[in-house]
Q: 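Here it is: the structure, laid out below.
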Amino acid sequence: METKNKTDESIFYSNAFRSVAYQAVLFGLLTLLGWYLYSNVNENLARQGIATGWNFLTTSSGFDIGESVIRYDAGDTYGRALLVGFLNTLRVAVLGIVLATFLGVFMGVARVSSNWLLSTIASWYVEICRNVPVVLHVIFWGTVIHLLPAPKQAIIPFEGAFIMNRGVVMPFPVANDAYVWVGVALLVGIIGVVVLNKWAQRKRERTGEYIPTLWKGLGVLIAPPLLVWLAFGAPLVWDVPSLQGFNFKGGLQFSPELIALLVGITFYTGAFIAEIVRSGIQSVASGQIEAARALGLRPGFIMRYVTMPQALRVIVPPTTSQYLSLTKNSSLGVLIGYPDLVNIGNTTLNQTGQSVEAIAVMMMVYLSISIVISICMNIYNRVAAIKER
Amino acid sequence: MSDQSTAEPVIQLVNLNKWYGDFQALCDVNITINRGERVVVCGPSGSGKSTMIRCINRLEHHQKGEIIVDNIELTDNLKNIEAVRSEVGMVFQSFNLFPHMRVIDNLTLAPMLVRKMPKADAEEIAMQYLERVQIPEQAYKYPGQLSGGQQQRVAIARSLCMQPRIMLFDEPTSALDPEMIKEVLDVMVELADDGMTMIVVTHEMGFAKTVADTMVFMDKGEIVEIASPDVFFTKPKSERTQLFLNQILTH
Ligand SMILES: Nc1ncnc2c1ncn2[C@@H]1O[C@H](COP(=O)(O)OP(=O)(O)O)[C@@H](O)[C@H]1O
Ligand SMILES: [Mg+2]
């Protein structure tokens, strides 16, 4: 086409050129900024006589950690201390995600139920818990747990279990070589359940006969580990906690810090998940359920084949973000002395002065956890996306 | 057209009353529909047409009166409700296809779960009905990939897969663009020719004239007039019917 104005043909008006140019300029600016920060930090550290580098990871930390999933003492390295912190973070996050999911799904379903009492309780729970900052939740439960009785007057919910201001302890089976095989057998059971479901579905498609798999599945799941356990002579010795001096020894122990942090972030996140579940169920158009009823489907089938698949699409993505924020909120453990990654990272930073490296480690860990959760979510979304024009 | 000697009532509404809270949506509705009869229901918006046909498969429950479908009385009894629903198909204004399932899965779901039909048989029947509504080539698409007219034809086929003896249609063409209305009406005319018992809520008077055995006019929750199409369109007894017909026929 003939252009009247000469400047219109100039390369500066080309869309492609502009987009490349903008990106080049942005990249240049970011590099400059990065270089400035890096050299600035380096200079300052050099002036303060702090050597940069990762050597501190292999030197002895010299501090104790209140609780650990793996063996650890003050003679171990900073690297191992950080690993302990990471595992503690992972432990509270995984427990929190599981508990918040159960609580949230229950409360979300309760909110839309026709049972007035249930839905009212659920509404109160949601409104109170999600409108209070998560910091307060954690501090609140941290305070509550210290108001519990001392070990000598501990609350005993059942034989061998104790609830007190030093946390919760309960009996736990003593480790036995047979348990490894019981675990393997459980895995076999899980595979068996998958196979059973596939078989039931095939059979239904072939013959039309609907085979309920709930009880059969439970049997298939439990039988292998039970049989293996019996074959080993049913080894079971309970490690029962006992009061020695001022503290309980043995059994399964949950520290007050872990419990307070766990309950705090579970209640907080559970409220958000409840809202997500409620809106997911309500997002399924009423016409969908009417059409299914008109076809003669029973309520259970409608829930399983019509409502849930559509509701889950709405529920899963925002729930994943809740899992992410729960994981990040677990760093509030620092407030009540739970030795999570941030807590131990802070101590490391203070003792070694290697602030850049310590913070880099913490950032990388949280980033990695978040990326793993996000990848799972994206895979789910790709599988579940409704196909449309 | 329904011959008196072979008349076999399949739907009976006797003194049917229905309230939504304080609001009375149906007042003393009485009608008997015979096997093979084609009934077209019309009336102004809000007159209770949907409410009436939704009572027939108990998507709504009534408070007073009797509904008897194929000798089964509709009460709170879940067995009866199930029995009636498996004999009565329903097509909605808004299609209500399941968006997360392919067309073929929409069609086979209920036969497999309710009729306990093997998958292969259910798919064979589904393909037969898709051919009848002339879209077998869409079987493996998702509802969102089809046009409105195609979706409504799938919805009709989905109901037919349960092999119902009665079909209810609630304004099946009202949500469609004008150029798609005919393809849906054609399918319904064919169904009528096959002798299906049908109750159709619609304002498509051309369709009514060709298909209906009986015309029903409703207003304010009451059945105002029941008549054969000849009488209904030429010399309706009620003034309200007259007024309504003038309004929609001059449009
Ligand atoms: N679920 C409901 N709750 C309250 N009122 C309703 C409900 N469904 C319908 N109605 C009322 O009942 C009357 C009849 O509705 P409907 O049967 O849908 O009319 P039509 O199908 O003839 O347009 C209307 O006044 C409508 O507002
Ligand atoms: Mg209506």
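Chain naming here is simple, since letters A, B, ... match the order of the sequence lines and numbering starts at 1 in each. Predicted, not measured: the structure shown is a model, and the values here were computed from it. Any value given below was found using the heavy atoms of this structure, including those in side chains, with hydrogens, waters and symmetry copies removed.
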Q: Under 3.5 Å, side chain of B:His100 to main-chain N/O of A:Tyr305, donor-acceptor pair present?
A: yes

Q: Taking every non-hydrogen pair under 4.5 Å, which of B:Arg102, B:Lys141, B:Arg158, B:Glu87 racks up the most with chain A?
A: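 Among the listed options, the one with the most contacts to chain A is B:Arg158.
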
Q: Any idea which of B:Met101, B:Glu123, B:Arg54 has the most non-hydrogen atom pairs under 4.5 angstrom with chain A?
A: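 If we count pairs closer than 4.5 Å to chain A, B:Arg54 comes out on top.
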
Q: When rounded to the nearest 0.5 angstrom, what is the spacing between CG in B:Leu107 and CG in A:Leu295?
A: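 Answer for the CG-CG pair, B:Leu107 versus A:Leu295, is 9.5 Å.
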
Q: Shorter than 4.5 Å, heavy atoms on both sides: which option in B:Asn57, B:Leu97, B:Val91 has the most such pairs with chain A?
A: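 Going by pairs under 4.5 Å, I would pick B:Leu97.
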
Q: Relative to chain A, which segment of B:Arg115 carries a heavy atom at a distance below 4.5 Å: side chain, backbone, both, or neither?
A: neither

Q: For chain B, which of A:Gly287, A:Ala285, A:Ala292 has the most heavy-atom pairs under 4.5 Å?
A: A:Gly287

Q: Using non-hydrogen atoms and a 4.5 Å limit, figure out which bit of B:Ile81 sits close to chain A: side chain, backbone, both or neither.
A: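 Neither part.
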
Q: Can you tell me how far CG of A:Leu297 sits from CE of B:Met112, rounded to the nearest 0.5 angstrom?
A: 11.5 Å

Q: With a 4.5 angstrom heavy-atom cut-off, could you sort out which part of B:Met117 is near chain A: side chain, backbone, both or neither?
A: backbone

Q: Side chain, backbone, both or neither: which part of B:Phe98 has a non-hydrogen atom closer than 4.5 Å to chain A?
A: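 Answer is both: backbone and side chain atoms of B:Phe98 are under 4.5 Å from chain A.
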
Q: Can you tell me which residue among B:Arg85, B:Arg58, B:Met90 is in a side chain to side chain contact (heavy atoms under 4.5 Å, CB included) with A:Arg293?
A: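 Only match with A:Arg293 under side chain to side chain contact (heavy atoms under 4.5 Å, CB included): B:Arg85.
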
Q: Test side chain to side chain contact (heavy atoms under 4.5 Å, CB included) on A:Arg298 and B:Glu82; report intermediate values, then the result.
A: CA-CA 8 Å; A:Arg298 298 199 179 157; B:Glu82 241 172 61; 3.0 Å; yes

Q: What part of B:Val88 gets closer than 4.5 Å to chain A, counting heavy atoms only: side chain, backbone, both or neither?
A: backbone

Q: Return yes if some donor-acceptor pair links the side-chain N/O of A:Glu205 with the main-chain N/O of B:Ala120 below 3.5 Å, else return no.
A: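 No.
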
Q: Look up atom OG in A:Ser286 and atom CG in B:Asn96, then write down how far apart they are to the nearest 0.5 Å.
A: 8.0 Å

Q: Report which part of A:Arg206 has an atom under 4.5 Å of a heavy atom belonging to chain B: side chain, backbone, both, or neither.
A: backbone

